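The model shown is predicted, which means the values in this text are computed figures rather than measured ones. The basis for the numbers below is simple: all heavy atoms, side chains too, and nothing from hydrogens, waters or symmetry mates. Each chain gets a letter, A, B and so on, in the order the sequences are listed, and its residues count up from 1.
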Number of protein chains: 2
Amino acid sequence: MARKAVGIKDVAREAGVSVTTVSHILNDVEFARASDETRERVKSTAERLGYGANRIARSLRRQQSEMIGLLSEEIATTPHAGRIILGAQEAARKRGLTLVLINTSRDELDIQRDTDALLRQQVDGVLYATMYHREIDLPRSLRSVPTVLIDSTSQDGSVPSVVPDEEGGAYVAVNELIGHGHRRIGFVTNSDDVPATRGRLAGYRRALAEAEVEFDPRLVVAEQSETPGGYKAARSVLDRDRADRPTALFCYNDRMAMGAYRAAAELGLRIPADLSIVGFDNQELIAEGLYPALTTVALPHFEMGEWALGALAELMVGDADSAAKDSYQPAVLSCPLVRRDSVAAPRPAGGSAGD
Amino acid sequence: MARKAVGIKDVAREAGVSVTTVSHILNDVEFARASDETRERVKSTAERLGYGANRIARSLRRQQSEMIGLLSEEIATTPHAGRIILGAQEAARKRGLTLVLINTSRDELDIQRDTDALLRQQVDGVLYATMYHREIDLPRSLRSVPTVLIDSTSQDGSVPSVVPDEEGGAYVAVNELIGHGHRRIGFVTNSDDVPATRGRLAGYRRALAEAEVEFDPRLVVAEQSETPGGYKAARSVLDRDRADRPTALFCYNDRMAMGAYRAAAELGLRIPADLSIVGFDNQELIAEGLYPALTTVALPHFEMGEWALGALAELMVGDADSAAKDSYQPAVLSCPLVRRDSVAAPRPAGGSAGD
DNA sequence: TTGTACGCGTTATCAT
DNA sequence: ATGATAACGCGTACAA
């Protein structure tokens with residue numbers, strides 16, 4: 001506990017007024033009127049004494065803790081989670097809210113236990129962050145507390161949620177390739193059927209369609225979403241005649257792109273001269289470490305954390321009546337392209353630009 | 001705020017005793033004695049009602065919040081920070097403590113402001129985590145609160161701190177190489193003069209000395225601690241006659257090792273057949289993504305977070321008198337080797353094993 | 001315009 | 001062996 005003993009009484013005594021007046025002035029109470037002169041005096045002495053209301057006493061009185069709990073699966077095991085936390089934290093600070101952290105496993109029982117623990121700490125609301133974009137059903141104990149989901153959506157839309165625009169991200173990625181003149185673009189994708197997989201495929205197809213290049217299923221190959229999977233998939237999609245071979249690869253994530261780099265190297269394909277690559281996730285460790293540096297698409301983790309906290313704050317003030325609102329659409333935040341050095345125009349292959 | 005209205009009074013009424021008795025029993029108060037029978041009854045009804053003490057009221061009464069603040073520079077921008085948080089969080093939970101997060105910049109003024117904010121939230125103690133191992137002087141406002149440092153040490157040893165055993169880590173890394181028969185081992189290191197640089201160099205030299213191989217300054221080359229730096233350094237150290245060239249490289253961190261992989265590839269050196277490499281940091285994204293997977297040394301981030309929270313908890317109970325203790329030695333936690341596929345025996349070069 | 005006194009849910013002290 | 005009650009620091013209805 002802080003050693004400082006400066007309380008509201010000290011301020012009152014020092015300023016020669018009652019605690020009521022101090023409280024009124026410092027909390028900007030509507031109806032309470034004080035002379036401008038005392039207002040000033042109270043504020044300045046409070047400042048001078050370094051007074052700040054004891055949050056615990058205030059919480060007890062107001063029946064709200066001003067703490068919000070961030071419940072996260074396998075917290076920050078991934079750099080992504082860190083950005084979410086950061087975004088939420090800064091937004092919380094701006095509103096005078098405090099962020100408390102609870103990490104939980106993906107086990108149903110653990111989640112139940114951990115949320116209960118969170119609630120016992122009287123958090124005013126909770127942010128529930130999953131490790132990657134997917135659908136969940138809300139832990140039962142969270143139904144009684146304002147909650148917003150990060151990187152996942154609830155089945156029934158009963159709570160607000162925010163997710164990345166997977167499709168839009170894939171679209172800009174593929175469009176970057178198309179803009180450089182590529183027409184045969186491979187898609188090294190993930191074999192898990194999660195929203196990200198579906199969304200990125202949709203974005204890939206949409207970009208192709210808009211550019212009027214026909215979708216060729218032989219150019220999309222799915223593997224596990226790790227580096228070795230990326231390698232395998234890239235080998236397979238690249239292993240064909242020069243004329244038939246894609247001139248560019250869109251990879252499901254940066255790890256798979258890392259595998260694709262190796263495949264390209266083994267095949268004697270230089271990046272980006274012989275093969276352009278764009279990834280997804282903007283894992284800086286990888287994207288900046290690869291040579292040449294990887295052009296990729298950033299997931300808006302910081303922004304999601306920020307948005308979620310804002311939504312939660314609103315939910316918390318309007319709790320009384322608007323609790324009836326029971327159908328939220330997920331907010332989808334856009335995924336910006338970050339250009340580095342892995343994209344260039346294709347080499348003039350055989351001549352014709354048609355397919 | 002949680003909706004649940006079950007308070008101590010409810011338990012008391014339900015169990016047919018006074019709140020005093022309930023409090024005594026649930027808090028295991030020494031001197032207060034109650035019949036075993038009521039004990040049982042109280043405990044079971046508390047359980048049945050799902051009672052948990054209101055932490056805010058308890059804090060107000062006990063004059064301690066049971067919250068500890070984690071002040072971190074650029075929180076979780078790095079995956080490392082995440083592991084620290086995780087370790088601290090789990091240790092906190094075990095003790096019934098709550099972790100609140102504050103991120104701060106490295107700017108002196110911001111730190112001051114942020115710590116003040118933290119203290120106003122009546123945290124009982126603070127963990128101060130820096131982004132990488134270095135020396136700092138403690139923000140003034142933290143002198144009044146139990147504090148422990150993570151990944152940094154204070155100039156004057158006035159607070160406990162925990163740091164990784166850089167030297168020991170480097171020692172096991174180089175020893176792994178020596179154990180496989182390498183004698184000419186290059187060191188691709190960092191040009192910044194930070195504790196990690198000094199410690200890892202010391203470990204390198206100690207391992208060499210113990211194996212009775214002479215230290216050759218031409219084999220250590222320093223560059224910026226990023227991937228391109230690793231590439232440059234590795235090129236430079238590898239660019240010599242076959243007989244003179246090191247058969248293995250110890251890299252300052254995994255990013256530099258990533259650069260070294262590229263250098264090796266360009267030189268036509270296969271890993272680990274022609275060149276063994278070991279890194280430092282165990283950044284899984286890189287270490288597992290490289291091909292072949294990188295043998296490296298893990299920084300004990302989780303353990304540091306855990307240790308720090310334990311130390312802080314002790315500091316908090318013994319605050320009264322032992323505040324006099326004013327000279328702490330940093331705790332140094334060991335860095336284990338994690339073996340993957342980048343180390344093998346050197347190829348029989350010219351024949352002689354001497355230097 | 002300002003001050004007094006009570007309540008928030010616990011724990012701790014002191015009676016019984 | 002158990003219960004009544006003050007106190008923690010603040011906010012606020014109500015009296016002055």
Side-chain angles (χ1 to χ4, degrees), chain A residues 1-43 45-46 49-67 96 119-122 124, chain B residues 1-43 45-46 49-67 96 119-122 124:
Chain A
M1 213 69 171
R3 302 280 173 277
K4 22 176 63 183
V6 42
I8 197 174
K9 278 184 285 202
D10 300 302
V11 178
R13 181 160 16 81
E14 190 77 5
V17 298
S18 73
V19 295
T20 306
T21 309
V22 176
S23 178
H24 280 172
I25 292 177
L26 262 30
N27 290 311
D28 284 324
V29 173
E30 291 295 339
F31 51 87
R33 296 168 314 179
S35 69
D36 285 355
E37 191 253 338
T38 43
R39 276 202 131 70
E40 210 36 63
R41 185 154 38 91
V42 166
K43 282 189 179 173
T45 63
L49 266 41
Y51 169 75
N54 180 314
R55 307 222 347 171
I56 295 177
R58 161 188 296 202
S59 293
L60 183 59
R61 181 61 238 241
R62 290 203 183 152
Q63 290 299 84
Q64 53 173 353
S65 62
E66 290 178 334
M67 299 193 309
L119 296 189
R120 245 199 296 288
Q121 309 196 11
Q122 1 286 127
D124 291 341
Chain B
M1 213 67 169
R3 302 278 171 278
K4 21 176 62 181
V6 42
I8 197 173
K9 277 185 286 204
D10 301 302
V11 179
R13 180 160 18 80
E14 190 76 7
V17 297
S18 72
V19 294
T20 307
T21 308
V22 175
S23 178
H24 280 172
I25 292 176
L26 262 30
N27 291 309
D28 284 325
V29 174
E30 291 294 340
F31 51 87
R33 294 168 315 176
S35 69
D36 285 355
E37 190 254 335
T38 42
R39 276 201 132 72
E40 210 37 61
R41 183 156 39 92
V42 166
K43 283 189 178 174
T45 66
L49 265 42
Y51 169 75
N54 180 316
R55 309 227 340 177
I56 295 177
R58 164 185 294 196
S59 292
L60 182 59
R61 179 62 237 231
R62 291 206 190 157
Q63 291 297 84
Q64 50 173 3
S65 62
E66 292 178 335
M67 299 193 309
L119 295 189
R120 243 198 299 287
Q121 307 195 12
Q122 355 294 122
D124 291 341

Measure the distance from CG on B/Asn54 to C1' on C/dG7 and round it to the nearest whole Å.
14 Å
Quickly work out the A/Lys9 NZ to C/dA5 P distance and round it to whole Å.
14 Å
Side chain of A/Gln63 - closest among C/dG9, D/dG9, C/dT4:
C/dG9
Checking only heavy atoms, does the side chain of B/Ser35 share a donor-acceptor pair with the base of D/dA1 at less than 3.5 Å?
no
Starting from the 5' end of DNA chain D, give me the residue, A/Gly7 or B/Gly16, whose nearest nucleotide shows up first.
B/Gly16
Measuring to OP1 and OP2 of D/dT2, would you say a side-chain N or O of B/Thr38 lies under 4.0 angstrom away?
yes
Atom-to-atom span, NE2 of A/His24 to P of D/dA15 - whole angstrom:
15 Å
Go through D/dC10, C/dG3, C/dT10 for me and flag the one nearest to the A/Ser18 side chain.
C/dG3
Do the side-chain N or O atoms of B/Thr21 get closer than 4.0 angstrom to the phosphate oxygens (OP1, OP2) of D/dG3?
yes
When the distance from CZ of A/Arg58 to C1' of D/dT12 is rounded to whole Å, what number comes out?
14 Å
Taking the side chain as C-beta and beyond, is there a heavy-atom pair between A/Asp124 and A/Met67 under 4.5 Å?
no
How close or far is atom P of D/dA7 from atom CZ of A/Arg61, stated in whole angstroms?
19 Å
Nucleotide nearest A/Ser23 (side chain, heavy atoms from C-beta), chosen from D/dG3, D/dT12, C/dG3
D/dT12
Assess whether a salt bridge exists between A/Arg13 and A/Asp10, defined as any Lys/Arg side-chain N lying under 4.0 Å from an Asp/Glu carboxylate O.
yes
Scan A/Leu60 against the nucleic acid and name what it touches under 4.0 Å (heavy atoms): base, sugar-phosphate only, or nothing.
base
Quick check: do A/Arg58 and A/Asn27 have side-chain heavy atoms less than 4.5 Å from each other?
yes
Over how many whole Å does the gap from B/Ile56 atom CD1 to D/dA7 atom P extend?
23 Å
Using whole Å, report how far CZ of A/Arg62 lies from P of C/dG9.
16 Å
Result for 5'-nearest mapping on DNA chain C, choosing between A/Ala57 and A/Val17, is A/Val17
A/Ser18 and A/Thr21 side chains, donor-acceptor separation under 3.5 Å:
yes
First locate atom CZ of B/Arg61, then atom CG of A/Leu60, and finally report the distance between them rounded to the nearest 0.5 Å.
12.5 Å
Would you indicate, yes or no, if D/dC10 has its OP1 or OP2 atom less than 4.0 angstrom from a side-chain nitrogen or oxygen of A/Tyr51?
yes
Whole-Å gap separating P (C/dT11) and CD1 (B/Ile8):
5 Å
